[in-house]
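Remember, predicted model here, so these are calculated numbers, not experimental data. Both counts, for ligands and for their atoms, begin at 1 and track the order of listing. Hydrogens, waters and symmetry mates play no part in the numbers below; they use all other heavy atoms, side chains included.
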Amino acid sequence: MKIFAEGVGITEERIPSVCPYCAVGCGFYLVVEKGRATSMEYMPEHPTGEGGLCPKGNAVLEVLNHEERLRYPLRRSGDEWIRISWEEALELVAKGLGKAVEDHGGRSLGFLASSRCNNEENYALQKMARLLGSSNVDNCARLCHSPTVMGLGGSLGTGAMTNNIRDLANARCILAIGTNLAEAHPVVSRWVHKAKDNGAKIIVVDPRITHTSWMADLHLRLKPGTDIDLLKGMMKVMIDEGSIDEKFIAERTKGFEDLKKSLEGFTIEKAAELTGVPAEEIIEAARIYSRSEASALLYSMGITQHICGTDNVRTCADLALISGQIGRPGAGIWPMRGQNNVQGACDMGAMAEFYPGYKRVSDSSSLDFFKTAWRAPSLPDGPGMTSTEMMDAALEGQIRAMYIIGEDPVICDPNTSKTRAALESLDFLVVQEIFLTATAKLADVVLPAAAWAEKDGSYTSMERRVQWIDKAVPAPEEAKEGLLIICEIAKRLGLDLNYTSASEVLEEINRLVPAYKGATRSRISKPGGVAWPCPAEDHPGTEILHLERFSTPDGRANLAVVDNVPPAEETCPEYPILLTTGRIVVHYNGGSMTRRSPSLMERDPELYVEVNPEDASSLNIIDGSMVVVSTLRGEVRARARLTNAVKPGMVFMPFHYYGANLITSDARDPVSKIPEYKAAACNIVPAE
Ligand code: SF4
């Protein structure tokens, strides 16, 4: 949909778009003059943003029109970059990937799809990987919400947000655990404020004082890594006081007796001791949450980024299920996902465990289905390697070549030195990007890609909202749409992947992914698009899941019995402080975009570490001075910020700057394989 506005001598186009940063998926209009996006206008009719944008959204043009955008294909020659033609670049890539297949088989290839790219690109990339015989395809959900896919999938049958963001206004209690949504998802916090204005009680569970905890009626400052103990304490209170929903449990769940039995020996005193939260606060939280008319549970990476991330998610689901706080307006579970299309990348099968539509790779019927649909004589069976496993495998020589689009593992993966060594050990690395990122700098070939406003395609927000955007402006110089690049490489590798447009790919998605069947281009082009599952063209989409039944085979939710697992790294005399990481409002993910945005950099230009004044005093650290933070994996310099926002014994670093992940832990949850970014034992000393 393009809207033209004519002024004196100027013709402007107002083109609807969706924010390329976080997964809230706010809409706005790009104003385009003479092929260049010159300004933005708000989109008050968008159902989620209602015209609102956060600082990142407001600054998108600084990145789109940035002078450092990649404009030409590049080939590495020693430490030099040589500009080459597209023909040469595509031939080099086909040769590099083809040689790995020829010499070591399809499974020697690794593919990183992108939560920043659209559904059609992700669909095409995972299809290319599998047609080449590799199931090693993954996206950065592995680093943020793979426990949601696994955990909520296991409990409810669908690993996604149960209600939409607007519906938060209907909640009478909001329990935000492990999420600093006021900074990470600012537009969501507007809906939390609306709920509060309507009388909702806000409970925040976070070791730190944050912008989110400022809105709380009750702030539980638990010890990091004790979420399960806290949730078990709340469930124990609810069971003992009879504030569980017995009818809901009987009619819609399985496994309650086992869960109840597992809590028999667990006391509120024990929960208080383990979590460091006073018993009366746990009791109060349990009462408010279970007794409110409608309670919303919101969580994010404070829950998922642990070695027990999947169990953390399942315990959140247990809490909602036994109190019947799910499956109605205002009641449900809101996983606050990170990147603009992280939901879509998972839906499209850009995950090691799933084909499109969450058909399990280990299920032979999935293979048969896609063999027929894709006219593929064979497809790899069994799960592939996850993104972090691919790095291990590269170091071991099992992965020989990688194709990475729109991801920056050198900045975003934990234990940077290991990631860097893994990528350097490859025989061939191709990176498709909009900037020369830290990862792209390690590539043999760099392919310049179009950014979100320079291509057609659909994106799926954290609330399952599938939204189409039209190309608004041309890509700079020779940069190309990602889908066309993938297809050109595939053609040179002899694959049947000949799409000429994103619409054509979407039509295939509509045919093969049942939840997207009715998410056709015309329907998802209107502001706000359509929320999946949308199983037919005349289906309105699904704003709230699980109203009548859960999406498990028998329609009942599965309650899980879980025990807490402490963080993989305990503090010790050498590393006496616990390091945790998280987001801040002006930056996004690895910062490859926001760190190029002058207005955002002005607000938060460098890596810092929050230190409690008590610790600072004993460590001789002065506010604003440089310090060295070290862990078993290395060390990094950062500027100290003395604040009571962190408790004594812990420090916090935002992860958007190079260096934070030099020291984070790569210990992994055995189920979802997410790394434990949220807990590492560290030491901190003044820098010399
Ligand atoms: Fe963009 Fe997220 Fe900010 Fe909305 S809340 S403007 S989607 S970064």
J.: Given a threshold of 2.8 Å, state how many protein N/O/S atoms are nearer than that to atom 2 (Fe) of ligand 1.
T.: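 Every protein N, O or S atom under 2.8 Å from atom 2 (Fe) of ligand 1 counted, the figure is 1.
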J.: Which residues satisfy the side-chain hydrogen bond (donor to acceptor under 3.5 Å, both in side chains) test with R314, sequence neighbours excluded?
T.: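 Here the qualifying residues are S155.
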J.: Less than 4.0 angstrom from a charged side-chain N to a carboxylate O is my criterion; do E121 and R116 meet it?
T.: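 Looking at R116 together with E121, the answer is no, because their closest N to O distance does not fall below 4.0 Å.
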J.: Aromatic rings F354 and Y358: how do their planes relate, parallel, tilted or perpendicular, breaks at 30° and 60°?
T.: perpendicular
J.: Would a distance-only check, ignoring hydrogens and angles, find a side-chain to backbone donor-acceptor pair under 3.5 Å from H539 to A519?
T.: no
J.: Is there a side-chain contact between M161 and R465, using heavy atoms and a 4.5 Å cut-off?
T.: no
J.: Does the plane of the ring in H145 sit parallel, tilted or perpendicular to the ring in Y299? Use 30° and 60° as the thresholds.
T.: tilted
